[in-house]
Amino acid sequence: MSTTETTTATARPAFKPVTLTDAAAERVRTLIAQSDKPVLGLRIAIKTKGCSGFSYDIQYATEKEKFDEVVEDKGVTVLIEAKAQMYIFGTEIDWEEDKLQSGFVFRNPNEKGRCGCGESFHV
């Protein structure tokens, strides 16, 4: 390439380890607004429990931990605990409500199965 030629690189959008649906982002905004203390966002962790081995754990995040992955999506902040990152990479988080229940739903491509009650999963 000569010195007069230039290259045009197209920037690809950064890949997010998790994404939120519009319903999930709205629910996160609502939860943060209802908190009685300052909240940075929600922290997602994976806990060892349940019949299948792992369970999702969501808590308020008041500060960033050293190895948290910070995801900004649809105007909200989600922090992913270091130990959870490899288990939820590529997950879409949704918020669903029906007549009997409501809650966050994780569509995780890494899951190999769930227990019968749906509370835990394995990879």
Side-chain angles (χ1 to χ4, degrees):
M1 178 180 303
S2 73
T3 56
T4 58
E5 292 181 51
T6 59
T7 60
T8 305
T10 55
R12 288 187 290 171
F15 179 79
K16 295 178 182 177
V18 298
T19 57
L20 288 94
T21 63
D22 291 338
E26 183 59 36
R27 184 61 183 165
V28 171
R29 279 190 284 279
T30 301
L31 289 171
I32 289 171
Q34 293 174 348
S35 175
D36 56 351
K37 350 177 222 189
V39 175
L40 176 64
L42 293 184
R43 176 173 287 109
I44 299 173
I46 300 291
K47 302 295 181 192
T48 303
K49 72 179 208 180
C51 340
S52 287
F54 296 113
S55 178
Y56 299 105
D57 183 59
I58 301 175
Q59 302 289 326
Y60 287 118
T62 56
E63 63 185 14
K64 181 187 178 303
E65 300 291 328
K66 185 174 183 178
F67 296 108
D68 282 349
E69 177 77 27
V70 179
V71 176
E72 300 284 341
D73 193 21
K74 295 182 177 59
V76 297
T77 301
V78 176
L79 294 96
I80 306 169
E81 183 182 70
K83 291 184 276 183
Q85 292 170 18
M86 67 180 181
Y87 296 111
I88 65 170
F89 194 77
T91 296
E92 177 188 65
I93 302 170
D94 194 7
W95 175 261
E96 293 183 354
E97 293 184 34
D98 64 29
K99 292 180 182 180
L100 299 175
Q101 64 184 357
S102 61
F104 287 106
V105 175
F106 291 78
R107 294 186 186 100
N108 185 341
N110 304 302
E111 286 184 16
K112 301 297 182 220
R114 286 186 164 253
C115 67
C117 66
E119 292 295 319
S120 62
F121 68 97
H122 66 273
V123 290

Q) side chain to side chain contact (heavy atoms under 4.5 Å, CB included) with Val39: which residues, sequence neighbours excluded? A) Ile32, Ser35, Tyr60

Q.
Please find the pair of heavy atoms, one from Gly90 and one from Pro109, that lie closest to each other, and give the distance.
A. O-CD, 3.5 Å

Q: Report yes if the side chains of Ser55 and Ile46 come closer than 4.5 Å at any heavy-atom pair, otherwise no.
A: no

(Q) Nearest 0.5 angstrom please: Glu81 CD to Gln59 CD, how far? (A) 10.0 Å

Q. Between Ala24 and Phe104, what is the shortest heavy-atom contact and its length?
A. O-CE2, 4.1 Å

**Q.** Distance-minimising heavy-atom pair for Gln85 and Phe67
**A.** NE2-O, 2.9 Å

Q. Would you say Lys83 has more than 12 foreign heavy atoms packed within less than 6.0 Å of its NZ?
A. no

Q) Can you check whether Thr21's main-chain N or O pairs, donor with acceptor, with Glu92's side chain at less than 3.5 Å? A) no

**Q.** Partners passing side chain to side chain contact (heavy atoms under 4.5 Å, CB included) against Leu79 (at least two apart in sequence or in another chain)
**A.** Leu40, Arg43, Ala61, Lys64, Asp68, Val70, Thr77

Q: Assign the ring pair Tyr87 / Phe54 to parallel, tilted or perpendicular, where the plane angle (0 to 90°) is split at 30° and 60°.
A: tilted

**Q.** Check ion pair Arg107-Glu96 (N to O, under 4.0 angstrom)
**A.** yes

**Q.** Backbone of Ala82 reached by a side-chain donor or acceptor of Glu65 within 3.5 Å
**A.** no

Q) CD1/Ile80 to CD1/Ile88 distance, rounded to the nearest 0.5 angstrom? A) 4.0 Å

Q: Measure the CD1-CD1 distance between Ile44 and Ile93 for me, rounded to the nearest 0.5 Å.
A: 3.0 Å

Q | Residues that, via side-chain heavy atoms closer than 4.5 angstrom, fall in one hydrophobic cluster with Val105 | A | none

Q: Go through the steps for Phe106 and Ile58 under the test side chain to side chain contact (heavy atoms under 4.5 Å, CB included), then give the verdict.
A: CA-CA 11 Å; Phe106 291 78; Ile58 301 175; 3.6 Å; yes

